[in-house]
A.B. asks: 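Next up is a structure, given as C-alpha cells.
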Amino acid sequence: MDIKFIRTNPDLAKEILIRRHEKISLDEILAIDEKRRQLIQVRDQTRMEHRQLTEEIAKIMKSRQVSNEYNQANIDSIIIECKTLGQKVKDIETELAQIELDLENKTKYLPNVAHESVPDEDTVVASWGAKPDFSFKPMAHWDVGEALQILDFKAASKLAGSRFVLYKGLGAQLERALINFCLDTHVKKNGYTEINPPVLNLEDCFYNTGALPNLADEMYKCTQDPFYLIPTAEVPLVNLHRNEGFNEDDLPKYYTAYTPCFRREAGSYGKDVRGMIRIHQFDKVELVKITVQENSYDEQEKMRKDIEELMQMLNLPYQVKLLSASEMAFQSAKTYDIEVWAAGCEAWLEVSSISNCESFQARRANIRVRRKTGELEYVHILNGSGLAFPRIYVAILENYQQKDGTVIIPEVLRPYMNGQVKIG
RNA sequence: GGAGAGGUGGCCGAGCGGUCUAAGGCGCCCGCUUGCUAAGCGGUCGUGCGGGUAAAACCGUACCGUGGGUUCAAAUCCCACCCUCUCCGCCA
C-alpha cells in the first residue's frame, strides 16, 4: 500500500487496515502528503527561476569576453538575486526533507493489503496422513534424542546457553540428510536454483523484506559492523536482485537456499523452553519466487504443492492452515502455514509458512519487470520454508520412535545416511 | 590494515566549472532501400518526483557510485564514505 494508493483510495485503504487490526491513522499521513506535494511545487518553481537567472549570467559572462557592454553593478545585482533564490531553495529543501522523513516513518509501518481470499479466522484447508498409533506412551523428542545420544542439550548450553541444540553422531548426520534431501528435491525435481548466501546482511535488506522495523527485537545485531544475522534466508534471497530490472522473459525466478537462521525469541520466555521447538539458531531451506503479478497466486499454490510433497515423502502427517488477515506477517498478502503433527508433544508444529508478498517487498527493494508492452511494473515475490528443520526433526523422532527406543529413519533420507535404516 | 587504479545512460566509452538538453560507438524498436542473409539510410529509445489528462500527449524538476561542501553555476573542484580491480601485510 503506497502513498499514491492511499491518496486515490483513502476509504478502501482504511478498511484494509481495520481488517488487519492496524490502528494507524491515515488522515495524518494524508495531511503530511498534502503538505509535501505543495512544497515540491514551490521548490520546483523556485528552482526554475534560479536556473533561468544562472543561464542569463552564463550568457553575460560569455559576451563580456568579446565586448564590455555590461557593467559590473548590473551583474552583481543579478548574482545577489540568484543567491537569494538559491538560499530559498535550500530552505525549502530542508523543510521538505523533514516532512519526507516524517512521512516515511509513518508509512513504513503500513502492512501489506490482504488478498480477497484471506479469511477473518485461521482456517485449516487441507490435511494429509494419519497420526501414528502407539502401543506405548510416545516420548518427547528431548528424551528420545538424549537417550540415543544424538542430541545434547547440556553441551549446547555450555557453549551458548539456553535454547540451543547440539547434534551428535547419527543425529548430526540426520540433520545433514534433511538439508540435502530438501535441497536436492527443489533443485532436481522442482527447478529451483540453489543459492548459498551470506548470513550477515546489511540493514537495508531487512527493511526491504519487512523484517525491519517490526522484528528489530527478534534479530541479532552486530555492534562493530552494520550487519544483522538473518532470521531467514528470505532476506538474502529477496535482496539478491535489489535495484534490478527484469525482462518479462527472465521470469519467473525460483531460488532455494539452505542457511542457518538466528532468532532472539524475545518475548517468548518460558514458552517451549525444553527441546528444540524454539531455538536461537536453526537450519532451514527457504524458497523464493519472483513472478509477474498475474501469476503469483498460481505460483503460490505450486510452491505449496512442492512443500507438501516433501512432507509426504517424509511421511509426516500435516495440516495446512490459511492464515487470517490479522495473523499474517506484516509484509504478506496471503499465507499458508504447514503444521506437522508431533506425537510426543501432542501438538501441531509450524514447519513452513508460505507467503505471497505481492509487490510489497519489490517496492522496497526496487525490483521491476519490463513487460512486453514496454510498461514497467513491480514484480511479485513469494517465499516459503521448505522446510524448517528442528521441528521436522522433532516430528521424526517422536513419530518414528519404536518401543525399544530406536528411531526408524524415513526411507527418503536413507540414501543420505549411507543406507542406515534406524538410529539406535 | 597499507599503496595504487577505477565507478558516467541497456552496454562500451568521451567529457574534468557555464549550449551537458551528456559526444561517439554498440544494441533495441520503427520506417525506407535491397530478390533472402548481410549491409546502407533516416528516426526513436531512461528513471524518480510533482503538475496535467478519462487515459495519453504534454509541462516542471531531479538523477553521471553514496552523502556533504565550495560557487551565481558542478559529471567536472573540495571532504567523507561505499563498491570493484591490482599489489603488499595479516589470517582461516
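Protein chains get the first letters and strands the later ones, always in sequence-line order, with residue 1 at the start of each.
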A.B. asks: For atom C1', what is the distance between B:C87 and B:U70, given to the nearest Å?
C.D. replies: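 So the two C1' atoms sit 35 Å from each other.
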A.B. asks: Going by atom type alone, with no hydrogens or angles, which donor-acceptor pairs under 3.5 Å involve a side-chain atom of residues 326-334 of chain A and a protein atom two or more places apart or on another chain?
C.D. replies:
| from | atom 1 | to | atom 2 | distance (Å) |
| --- | --- | --- | --- | --- |
| A:Ser332 | OG | A:Lys334 | N | 3.2 |
| A:Ser332 | OG | A:Lys334 | O | 3.2 |
| A:Ser332 | OG | A:Thr335 | OG1 | 2.6 |
| A:Lys334 | NZ | A:Ser117 | OG | 3.0 |

A.B. asks: Taking salt bridge (charged side-chain N to carboxylate O under 4.0 Å, His left out) as the cut-off, I'd like each qualifying pair that reaches into residues 162-187 of chain A, sequence neighbours left out, listed once.
C.D. replies: A:Asp152-A:Lys168, A:Asp184-A:Lys188
A.B. asks: What do you reckon, are the aromatic ring centroids of A:Phe360 and A:Tyr378 less than 6.0 Å apart?
C.D. replies: no
A.B. asks: Starting at the 5' end of nucleotides 69-76 of chain B, put B wherever the base has a protein heavy atom under 4.0 Å, S where only the sugar-phosphate does, and a dash everywhere else.
C.D. replies: -S-BS---
A.B. asks: What residues form a side chain to side chain contact (heavy atoms under 4.5 Å, CB included) with A:Lys302, not counting sequence neighbours?
C.D. replies: A:Tyr254, A:Lys289, A:Glu299
A.B. asks: Below 30° counts as parallel, above 60° as perpendicular, anything between as tilted: where do the rings of A:Tyr255 and A:His241 land?
C.D. replies: tilted
A.B. asks: Applying side-chain hydrogen bond (donor to acceptor under 3.5 Å, both in side chains), can you list everything that pairs with A:Glu339, at least two apart in sequence or on another chain?
C.D. replies: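 A:Glu339 satisfies side-chain hydrogen bond (donor to acceptor under 3.5 Å, both in side chains) with A:Gln319, A:Lys321 once adjacent residues are dropped.
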A.B. asks: Take a 6.0 Å sphere around NZ of A:Lys35 and say whether it holds more than 12 heavy atoms from other residues, nucleotides or ligands.
C.D. replies: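 Counting neighbours around NZ of A:Lys35, 12 or fewer heavy atoms of other residues, nucleotides or ligands fall under 6.0 Å, so no.
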A.B. asks: B:G2 and B:C72: how far apart are their C1' atoms, nearest whole angstrom?
C.D. replies: 42 Å
A.B. asks: Scan A:Arg7, A:Lys4, A:Lys106 and name whichever one has a salt bridge (Lys or Arg N to Asp or Glu O under 4.0 Å) with A:Asp33.
C.D. replies: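 Of the listed residues A:Arg7, A:Lys4, A:Lys106, the salt bridge (Lys or Arg N to Asp or Glu O under 4.0 Å) partner of A:Asp33 is A:Arg7.
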A.B. asks: Taking B:G27 as the reference, what is the distance to B:C82 when you measure between their P atoms (whole Å, please)?
C.D. replies: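 Going atom to atom, P in each nucleotide, I get 39 Å.
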A.B. asks: Taking B:G46 as the reference, what is the distance to B:C29 when you measure between their P atoms (whole Å, please)?
C.D. replies: 15 Å
A.B. asks: Is there a donor in the side chain of A:Gln361 and an acceptor in the side chain of A:Tyr207, or the other way round, less than 3.5 Å apart?
C.D. replies: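 Absent: no donor and acceptor within the cut-off.
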A.B. asks: Just jot down the side chain to side chain contact (heavy atoms under 4.5 Å, CB included) partners of A:Ala13, sequence neighbours excluded, or say none.
C.D. replies: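 With neighbours one apart ignored, the set is A:Met1, A:Phe5, A:Ile6, A:Leu26.
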A.B. asks: Which residues in residues 193-200 of chain A have a heavy atom closer than 4.0 Å to any atom of RNA chain B?
C.D. replies: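 Of all residues in residues 193-200 of chain A, none places a heavy atom under 4.0 Å from RNA chain B.
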A.B. asks: Show me the pairs that pass salt bridge (charged side-chain N to carboxylate O under 4.0 Å, His left out) and involve residues 377-394 of chain A, at least two apart or across chains.
C.D. replies: A:Arg371-A:Glu377
A.B. asks: Who are the side chain to side chain contact (heavy atoms under 4.5 Å, CB included) partners of A:Ser25, not counting sequence neighbours?
C.D. replies: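 A:Ser25 satisfies side chain to side chain contact (heavy atoms under 4.5 Å, CB included) with A:Asp27, A:Glu28 once adjacent residues are dropped.
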A.B. asks: What's the gap between B:U44 and B:A23 when it is taken at their P atoms, as a whole Å value?
C.D. replies: 12 Å
A.B. asks: Treating primed atoms plus P, OP1 and OP2 as sugar-phosphate and everything else as base, which nucleotides of nucleotides 44-65 of chain B get B, S or - for protein heavy atoms under 4.0 Å?
C.D. replies: --SSSSSS--------BSS---
A.B. asks: If I pick the P atom on B:C81 and the same atom on B:G1, what distance separates them, to the nearest angstrom?
C.D. replies: 11 Å
A.B. asks: Sticking with atom C1', work out how far B:G52 lies from B:U8, rounded to a whole angstrom.
C.D. replies: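 B:G52 and B:U8 have their C1' atoms separated by 32 Å.
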A.B. asks: Would you sketch RNA chain B in dot-bracket for me? Only Watson-Crick or G-U wobble pairs with both distances under 3.5 Å count, crossing pairs as [ ], other-strand pairs as |, the rest as dots.
C.D. replies: ((((((((.[[[..)..(.....]]](.((((.......)))).)((((((......)))))).[[[[[..)....]]]]])))))))....
A.B. asks: With sequence neighbours excluded, tell me which residues meet side chain to side chain contact (heavy atoms under 4.5 Å, CB included) with A:Thr46.
C.D. replies: A:Val42, A:Leu85, A:Lys88, A:Val89, A:Ile92
A.B. asks: Say we look at B:A73 and B:A62: how far apart would their P atoms be, to the nearest angstrom?
C.D. replies: 13 Å
